[in-house]
Amino acid sequence: MIQKKIRITTTDLLLLAGIGAVIVWLLYQATLQTEYKWNWPAIPQYLLRVDEQSGRWVPGLILQGVLVTLRLSLWATVLALVIGTVMGLFRTGCSRYRRMIGSGYVALIRNIPVLVWIFIFYYFIGDRLLPAIGINRAMLMDGTPLSGILSLLMAEPSRVPIFISGAIALAVYEGAYITEIIRAGIQSIDKGQWEASSGLGFTRAQQLRHIIFPQALRRMMPPLAGQFISTIKDSAIVSVISIQELTFQGMELMAATFLTFEVWITILGIYFVLCLICSLLVERFERHLKKEARPA
Amino acid sequence: MKIVKRMTQIVFLAVLVLTLVGAPGVNAADRQDSVVEQVIQRGVLRVGMSTFVPWAMKDKTGKLIGFEIDVATRLAEEMGVKVAFVPTKWSGIIPALLTGKFDVIIGGMGILPSRNLKVNFSHPYDFTGMSLVASKKMAAGMTGIEAFNKPDIIIAVRLGSTAVTATKKYLPKAEIRMFDDEAQAYQEVINGRVHAVVGSAPTPAFQAIKYPDKLFLPIEGTFTREPIGFAVRKGDVDTLNYFNNWIGYVAAEGWLKDRKSYWFETKDWKSQIQ
């Protein structure tokens, strides 16, 4: 690759200064227009605070919300990846019956708004599904060792049913997009690869595992990464069904303290940092994949 | 391969049958007992509420405090069960009650005839009223409620609250702008984008004290009087009877009045919030 040295000229500096000045002026005007008493010193106590009884640092309201958002995104991503992989394989498979299930699922989920989907799932589907698998009993386990594990992985026992509802609803939604990424990834691999591996006597499962998937994965990584980051951001939507994640905690805090802008800006910053970390991790993983693919 | 296919089909069918037939059966079994009975068996009273200063709010440590919280906590104590609060968005609180996400709404819910068609209300345990706070910039010099009943006046309220009903009734000519949270409605009036906010007392008065150079109170006290009750699902006489008599019992003690004056007339609790 040819490395071109980037030189910063006076024009660049002038342009940068100009753009910066405009942004500062806009922000200044915005604060003038908005009659608002800023109270930033009130915010840190909602992030971290010292517990009066034990004298230790414990997460405040906002940080508790961050933890819920992380757990929720993690479960939703894992589930969506499973759903997406299965459905993606269905869509590229030989069986017509499976192809129909796969495309029916994608068509249904992609063409409904996520907000409405989450409402419907929570109030109607979740209501029928969860008692059937005995989830509601989970909230009775308070105090048992199992409840400790449960609250570490998901939510405290009394909030497990609603947490699962939210995670499944989100996963089913994100799964539709992952299905399409996986389908596109598999279909982008040259037909010759299938034919050659078939000629070498691989079964279909073996072809997929050893030949197609490793190549497709590299192509699927960038859109998949985008989808993972999307999941973190989309998890804010489940605040409407009162899952106590970052956005919900923020709105509760605003209702109690009336610190509207401080709280929104803090939340914005936290989402940005979460998503940025996620992007950087994926970037590293992609580079790792590239290195592996290079012939030794 | 054939067996796998068969198995998948069987699993699909099983899930379908379970969701369509099995689950309602489970629910129906739950519903045989009254809510009070279920709560005692479960050992937990699930209370639906929404943040609404000073009825219910989270303090610095994330613990819920407020008038409603005191009421629900004592109610659970006397039933001999633990209390679990389910913070819920106000706009979705009635559907959540109806679909069994919690047992009762103790959340400063005004008893309205239209709401009563969907849920049952206990006897009132409290009365509240709507009050009005106006922007000094937009509504300078306006006094009395009638001054705001004009087509060019914009009023901000919280979506789905009794403030909407009260505004439509008392200020039918004014334009209403609805917000999901109270804080947003008050921010609008502080910014001077609307003329006034209608909200449950005492928050409008508290806001006027907090922003003396931006806000003022065009009327003294409140312009409505609304009963506040517990909301439960329909068709459950036992639960309603229990709640009604519990309210009568604590009201006779003077406990309700005492708690109310602590949360609504003093601001001793302010330091717990910020």
Side-chain angles (χ1 to χ4, degrees), chain A residues 33-37 39 41-42 45-46 49 51-52 58-65 95 97-98 101 119 122-134 136 139-140 142 156-159 161-162 165 239-244 248-249 251-261 263, chain B residues 5 8-9 12 15 18-20 22-27 30 42-44 46 48 50-53 56-62 66 82 84-93 95-96 98-101 135 137 180-184 186-187 190-192 203 206-207 210-211 213-214 273-274:
Chain A
Q33 298 267 310
T34 328
E35 309 274 357
Y36 193 78
K37 274 185 199 157
N39 184 13
Q45 59 185 347
Y46 303 118
R49 60 182 180 80
D51 192 48
E52 273 162 25
V58 287
L61 267 181
I62 295 181
L63 219 54
Q64 282 171 16
S95 144
Y97 164 66
R98 287 187 200 165
I101 292 183
F119 261 122
Y122 178 58
Y123 286 122
F124 301 105
I125 305 174
D127 230 34
R128 294 271 168 276
L129 206 63
L130 294 183
I133 50 176
N136 285 5
M139 63 175 292
L140 301 179
D142 229 349
E156 48 191 275
S158 64
R159 300 214 175 100
I162 167 172
S165 252
S239 63
V240 297
I241 56 167
S242 311
I243 291 181
Q244 310 213 346
F248 186 86
Q249 294 285 29
M251 289 203 270
E252 290 283 287
L253 199 56
M254 274 179 263
T257 59
F258 289 86
L259 294 169
T260 319
F261 292 125
V263 173
Chain B
K5 204 166 176 184
T8 345
Q9 281 170 349
F12 264 117
V15 170
L18 257 180
T19 33
L20 296 177
V26 174
N27 275 352
D30 280 351
R42 200 191 305 132
V44 178
R46 296 173 306 168
S50 181
T51 299
F52 220 157
V53 180
M57 60 218 152
K58 280 188 176 158
D59 71 359
K60 277 186 278 197
T61 66
K82 279 194 279 185
F85 290 102
V86 186
T88 307
K89 296 241 100 194
W90 189 248
S91 42
I93 204 164
L98 296 180
T99 52
K101 309 293 179 203
S135 153
K137 189 174 118 198
D180 216 19
D181 279 296
E182 264 214 316
Q184 293 162 2
Y186 285 104
Q187 193 55 51
I190 294 162
N191 288 352
T203 314
F206 283 178
Q207 288 292 311
K210 196 173 163 199
Y211 292 93
D213 47 337
K214 313 245 162 58
I273 302 287
Q274 266 186 43

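Below, chains carry the letters A, B, ... as their sequence lines are ordered, and counting in each starts from 1.
Here the side chains of Gln207(B) and Ile190(B) are in contact, with some heavy-atom distance below 4.5 Å. Looking only at side-chain heavy atoms (C-beta outward), Ser91(B) and Asp180(B) come within less than 4.5 Å of each other. The shortest distance between side-chain heavy atoms of Gln184(B) and Met254(A) does not fall below 4.5 Å. Here the side chains of Lys89(B) and Asp181(B) are in contact, with some heavy-atom distance below 4.5 Å. At a threshold of 4.5 Å between non-hydrogen side-chain atoms, the residues Thr203(B) and Phe258(A) count as touching.
In this structure, chain A has no heavy atom under 4.5 Å from any part of Ala56(B). With a threshold of 4.5 angstrom between heavy atoms, Val240(A) approaches chain B through N, CA, C or O but not through any side-chain atom. For Thr257(A), the parts sitting under 4.5 Å from any heavy atom of chain B are the backbone and the side chain alike. With a 4.5 Å cut-off on non-hydrogen atoms, Asp59(B) touches chain A through its backbone but not through its side chain. For chain B, the nearby part of Leu259(A) is the side chain; its heavy atoms alone come within less than 4.5 Å. Both the backbone and the side chain of Lys210(B) come within less than 4.5 Å of a heavy atom in chain A. Only the backbone of Phe85(B) comes within contact range of chain A, judged by heavy atoms closer than 4.5 Å. Both the backbone and the side chain of Tyr123(A) have a heavy atom closer than 4.5 Å to some heavy atom of chain B.
Under a 3.5 Å cut-off, the side chain of Lys101(B) and the backbone N or O of Gly48(B) do not form any donor-acceptor pair.
Residues passing the ring-ring contact (aromatic ring centres under 6.0 Å, His included) test with Phe248(A): none are found, sequence neighbours excluded.
In terms of heavy-atom pairs under 4.5 angstrom with chain A, the leader among Ser50(B), Pro95(B), Gly92(B) is Pro95(B).
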